[in-house]
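A short write-up of the structure that comes next.
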Amino acid sequence: MIPARGECLFLPLGGTGEIGMNLTLYGHDGAWIAVDMGITFGGDDFPDHAVMMPDPAFIAARRERLAGIVLTHGHEDHVGALPYLWKRLRCPVYATPFTAALARTKLARAGIDDAPLVEVSPGERFRIGPFAVEYIVMTHSIPEPNTLLIGTPVGAVLHTGDWKLDDRPVVGRGYDHSRLSALRREPLLAMVCDSTNAMVPGRTGFEGDLYEPLLALGAEAAGRIVVTAFASNIARLVTLARVARTLGRRFGVAGPAMEHMVAVARATGHWPDDLPELVEARHIGHLPRSEVFAACTGSQGEPRSALARLAQDLHRDLSLDAGDTVVFSSRVIPGNEHAVARIHQRLRETGVHLVTDADARVHVSGHPAQEDLRQLYEWVQPPAVIPVHGTPRHLAANAELAAACHVPHACVVQNGDICRLSRAGIQKLDGIETGRLFVQPDGRLAPVPKDILREMRTKVH
């Protein structure tokens, strides 16, 4: 299919009707752009398909019409497939500096040194083929999250990416309220909106609100304090470093992914200069127990993570004893429940004091709850909403909420639906079969078998 001059097409290949693997295509005037390129994980249910991503066959067959890949932010479910799929697409990649630094590392590790990677400043407007694209600054749980305004002569689409409304962000700029409010005066065709927390009532909390409860928790701890969180959550790491400083403890991070994230944050100006110097992982284990405050990878029960090795007393630099405190400052991604439970059990057997978000306020989400969604719909007043980033239940909940906010048209679609976006609304034109690829032990990609794919989709529903 070739997008005609007078139409704007929308085609999700991943991330619609499922969690993760976000990849969306927009078409106009004979050209396409891709927004994000993410992965997901098989978890305990599908261990033979540990790392998966959308099958890009549709756009790979039209590679000469793909004008570029635009990345909204640096989370794995939005950029993790880039080093696997770029060779099939071979087009420019656009990202803001923090995300570009992460993408550059991923591509280099995959042996790719010829990918045109274009850095764009947050808030900047630029052109990709027939598309006028604008990065609109948002807040999320990683530096430099962006909503995209994708303009065409027939109208614009607001692609939210992942977002929340954090009035007191710990790292980076706040969301651009004035620009978001001004969008109601733009010739919008639709808003393509994050649905991850569409079933959660109220508002998502602010990242800065975690400082006091984490400080109170740390003040009660006698032994070592180890906090596990998503490596990409730089704001959480900054909060933990400030808590450690107030408690008079030394702070360090353990796990290559977290160490790399901190290095990228420093290089791109997202690590505050007023924080004490971090203790290197190889030294932190030599400190007295009462001085140790460490952040580490492993919040999702990853078997080779720093926390998994700590739980088995196999970590090279650090150990845990009875009476130490381990805090899970994250939510469990669906599919990882059993892996996390195993880590919990090992830690309890060690005599560690275990704290999760069920026990104390140690985590806030990076996605909009219902009142946040209502607020954005009120500011933007889109003519139509297409819910993405969620299971069918999440999408339906977001569509229902949009309708309650007097959005004229809320349309639930699924991966593979080709839709025309126009002033008249959203029209489903056709559909294509979408699949998943998985990374084999030798690093090559292969299609997920259809029977396994059906089972995966049944579990999502």
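Both backbone and side-chain heavy atoms feed into the values below; hydrogens, waters and symmetry mates do not.
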- Task: Carefully, step by step, assess T152 and F131 under the rule side chain to side chain contact (heavy atoms under 4.5 Å, CB included).
- Result: CA-CA 6 Å; T152 74; F131 302 93; 3.9 Å; yes
- Using a 4.5 Å cut-off on heavy atoms from C-beta on, say whether the side chain of L421 contacts that of I386. yes
- Does A306 offer a backbone N or O that forms a donor-acceptor pair with the side chain of T297 under 3.5 Å? yes
- Item | Exam field: side chain S330 to backbone A229, donor-acceptor pair closer than 3.5 Å | no
- Message: So V448 and F46, do their side chains get closer than 4.5 Å, heavy atoms only?
- Response: no
- Task: If a pair satisfies salt bridge (Lys or Arg N to Asp or Glu O under 4.0 Å) and one of its residues is in residues 228-243, list it, with sequence neighbours excluded.
- Result: E207-R236
- Minimal non-hydrogen separation, A95 against Y135, with atom names: CA-OH, 3.4 Å
- Task: Could you tell me the separation between the CD atom of E124 and the CD atom of E134, rounded to the nearest 0.5 Å?
- Result: 10.0 Å
- Task: Determine yes or no for a side-chain-to-main-chain donor-acceptor pair under 3.5 angstrom, with T204 supplying the side chain and A369 the backbone.
- Result: yes
- Worked check of side chain to side chain contact (heavy atoms under 4.5 Å, CB included) between T246 and Y211: CA-CA 10 Å; T246 303; Y211 174 82; 2.6 Å; yes
- Query: Where the side chain of D44 meets the backbone of A339, is there a donor-acceptor pair that is under 3.5 Å apart?
  - Reply: yes
- Item | Member of V93, L71, N22, L102 meeting the side-chain contact (heavy atoms from CB on, under 4.5 Å) criterion with V79 | L71
- Note on the structure: Looking only at heavy atoms, the pair that brings E18 and M21 closest together is OE2-CE, 3.2 Å
- Message: Are more than 12 heavy atoms, taken from residues, nucleotides or ligands other than E400, located less than 6.0 Å from that residue's CD atom?
- Response: no
- Minimum-distance pair of heavy atoms, taken over all atoms of T40 and R436: CG2-NH1, 4.2 Å
- What is the distance from atom CZ of R224 to atom CG of L320, rounded to the nearest 0.5 Å? 6.5 Å
- Criterion side-chain contact (heavy atoms from CB on, under 4.5 Å) against I150, the qualifying member of V70, T24, V35, I128: V35
- Drop me the distance from D430's CG to I418's CD1, to the nearest 0.5 angstrom. 5.0 Å
- Query: So, the side chain of N415 versus the backbone of T16: is there a donor-acceptor pair under 3.5 Å, distance only?
  - Reply: yes
- Query: Quick one: salt bridge (Lys or Arg N to Asp or Glu O under 4.0 Å) pairs with a partner in residues 182-192, sequence neighbours left out?
  - Reply: R179-E186
- Query: Is there a donor-acceptor pair closer than 3.5 Å between any side-chain N or O of H394 and the backbone N or O of T391?
  - Reply: yes
- Message: Could you tell me if the side chain of L165 sits less than 4.5 Å from the side chain of E371, heavy atoms only?
- Response: no
- Message: Is there a side chain to side chain contact (heavy atoms under 4.5 Å, CB included) between L215 and L247? Walk through the geometry before answering.
- Response: CA-CA 8 Å; L215 180 63; L247 294 173; 3.7 Å; yes
- Query: Is any side-chain heavy atom of L183 closer than 4.5 Å to a side-chain heavy atom of L158?
  - Reply: yes
- Message: I'd like to know if the side chain of Q370 reaches the main chain of A198, judged simply by a donor and an acceptor atom lying under 3.5 Å from each other, with no hydrogens or angles considered.
- Response: yes
- Item | Residue pairs passing the ring pair (Phe, Tyr, Trp, His ring centres under 6.0 Å) test where at least one lies in residues 156-186, sequence neighbours excluded | Y26-H159, Y175-W379, H177-W379
- side-chain hydrogen bond (donor to acceptor under 3.5 Å, both in side chains) between S195 and N398, worked out: CA-CA 6 Å; S195 307; N398 197 355; 2.8 Å; yes
- Message: To the nearest 0.5 Å, what is the distance between SG on C405 and CD on E378?
- Response: 8.5 Å
- Take L11 and I432 through the test side chain to side chain contact (heavy atoms under 4.5 Å, CB included) and record every step on the way to the result. CA-CA 9 Å; L11 170 57; I432 64 168; 4.0 Å; yes
- For V340 and S299, work out which heavy atoms get closest and say how close. CG2-O, 3.6 Å
- Item | Step-by-step side-chain hydrogen bond (donor to acceptor under 3.5 Å, both in side chains) determination, H75 to H140 | CA-CA 10 Å; H75 277 142; H140 184 43; 3.2 Å; yes
- Mind checking the CG-CD1 spacing from D417 to I426? Nearest 0.5 Å is all I need. 11.0 Å
- Atom pair NZ (K428) and CD (Q414), whose distance is rounded to the nearest 0.5 Å: 6.5 Å
- Query: Are any non-hydrogen side-chain atoms of M261 and L237 less than 4.5 angstrom apart?
  - Reply: no
- Item | Non-hydrogen atoms of H28 and P130 that approach each other most closely | O-CG, 3.5 Å
- Might you point out which heavy atoms bring G123 and V137 nearest each other, and give the distance in Å? N-CG2, 4.0 Å
- Query: Is it true that a side-chain atom of N146 and a backbone atom of T72 form a donor plus acceptor pair closer than 3.5 Å?
  - Reply: yes
- Message: Strictly distance-based, threshold 3.5 Å: is any side-chain N or O of N197 a donor or acceptor partner for the main-chain N or O of H367?
- Response: yes
- Query: Got L437 and L85 here, is their nearest side-chain heavy-atom distance under 4.5 Å?
  - Reply: yes
- Query: Backbone N or O of G205 within a donor-acceptor pair of the K164 side chain at under 3.5 Å?
  - Reply: yes
- Note on the structure: From the list D77, T196, D162, D36, side-chain hydrogen bond (donor to acceptor under 3.5 Å, both in side chains) with H389 holds only for D162
- Item | Side chains of V51 and F438 in contact at under 4.5 Å (non-hydrogen atoms) | no
- Message: Are the side chains of E144 and H270 in contact, using a 4.5 Å heavy-atom criterion?
- Response: yes
